[in-house]
Amino acid sequence: MSRLHAVMPGAGASQPPSDNPGIGEIDFCAWIAQAMAGERLVYHRGFLAFDAMALLSDLPPGRQRVLRDVAAAAMRAAEQDLVHLVQARLGPGQFAYIAVARRKPKLPGALSARLLQRMAA
């Protein structure tokens, strides 16, 4: 599993190493399953709308695809009330895309299976 760069509540968002390939959809889902309410995960740094588009991005095609997948997973998780999605401006055209874990449903043992089923849909 790649390094996830989780940020604890109240802590600043530290810059991951520049050679960091980012996280994938499975790592993102795994983080959601184990994160406590209020924990934060920076899942992308840059300008997501541009970085995910082939004509505008400097990222290699494989990384663009991974970024699109994790962005879609983040949106699905937010729609299911598992995370809040926020952004922090880092500079001109540079943002940190952050998922903030919400309180888990009453049956935490069922969360991983339910989350994986919904994410696969």
Side-chain angles (χ1 to χ4, degrees):
M1 182 184 283
S2 63
R3 192 162 179 212
L4 293 182
H5 305 291
V7 180
M8 299 304 291
S14 60
Q15 183 76 18
S18 59
D19 62 345
N20 179 14
I23 67 166
E25 183 177 6
I26 292 173
D27 290 336
F28 183 80
C29 292
W31 176 80
I32 291 172
Q34 60 82 36
M36 301 298 291
E39 287 184 343
R40 299 182 293 164
L41 171 71
V42 175
Y43 61 93
H44 181 66
R45 290 180 188 275
F47 199 132
L48 196 140
F50 287 166
D51 293 342
M53 293 181 64
L55 295 175
L56 301 173
S57 180
D58 292 332
L59 298 175
R63 178 65 186 116
Q64 291 173 28
R65 184 176 53 257
V66 169
L67 179 56
R68 285 191 299 269
D69 290 346
V70 78
M75 186 60 73
R76 288 191 304 269
E79 290 168 349
Q80 296 168 24
D81 296 327
L82 297 172
V83 297
H84 295 290
L85 298 180
V86 296
Q87 300 173 12
R89 185 182 172 129
L90 303 174
Q94 292 291 312
F95 301 87
Y97 294 84
I98 305 165
V100 181
R102 295 188 59 174
R103 197 168 47 173
K104 300 283 190 283
K106 295 202 184 261
L107 299 173
L111 176 62
S112 296
R114 191 180 90 205
L115 178 62
L116 290 174
Q117 288 173 345
R118 288 185 181 176
M119 293 297 192

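All of these numbers come straight from a predicted model, not from anything done at the bench.
Listed by chain and residue number, F95, Y97 satisfy the side-chain contact (heavy atoms from CB on, under 4.5 Å) test with Q87 (two or more places apart in sequence, or in another chain). Judged as a side-chain hydrogen bond (donor to acceptor under 3.5 Å, both in side chains), and not counting sequence neighbours, the contacts of D81 are R102. With sequence neighbours excluded, the residues that form a side-chain contact (heavy atoms from CB on, under 4.5 Å) with A35 are W31, E39, A101, K104. Contacts of F50 classified as ring pair (Phe, Tyr, Trp, His ring centres under 6.0 Å), with partners at least two apart in sequence or in another chain: F47. Looking at residues two or more places apart in sequence or on another chain, you find a side-chain contact (heavy atoms from CB on, under 4.5 Å) between R103 and A37.
Of the possible polar contacts, none joining the R40 side chain to the I98 backbone as a donor-acceptor pair under 3.5 Å is found. Between the Q64 side chain and the L59 main chain, a donor and an acceptor come within less than 3.5 Å of each other.
Taking all atoms of both residues into account, the shortest heavy-atom contact from F28 to A99 is CE1-CB, 3.8 Å. When all heavy atoms are compared, the tightest approach of V42 to A96 is CG1-CB, 4.2 Å. Minimum interatomic distance between G24 and V70 (heavy atoms only, all atoms of both residues): O-CG2, 3.8 Å. Heavy atoms only, all atoms of each residue included: I32 and A77 are closest at CD1-CB, 3.5 Å.
Side-chain contact check for L82 versus Q80: some heavy-atom pair is nearer than 4.5 Å. Side-chain contact between L67 and D51: present, with at least one pair of heavy atoms (C-beta onward) separated by less than 4.5 Å.
Rounding to the nearest 0.5 Å gives a distance of 11.5 Å between CG of D69 and CD1 of I23. Annotation: the span from C29 atom SG to R76 atom CZ amounts to 7.0 Å, rounded to 0.5 Å.
Of the candidates L41, L85, V86, V83, V86 is the only one forming a side chain to side chain contact (heavy atoms under 4.5 Å, CB included) with V100.
Note on residues 53-89: no pairs pass ring-ring contact (aromatic ring centres under 6.0 Å, His included), not counting sequence neighbours.
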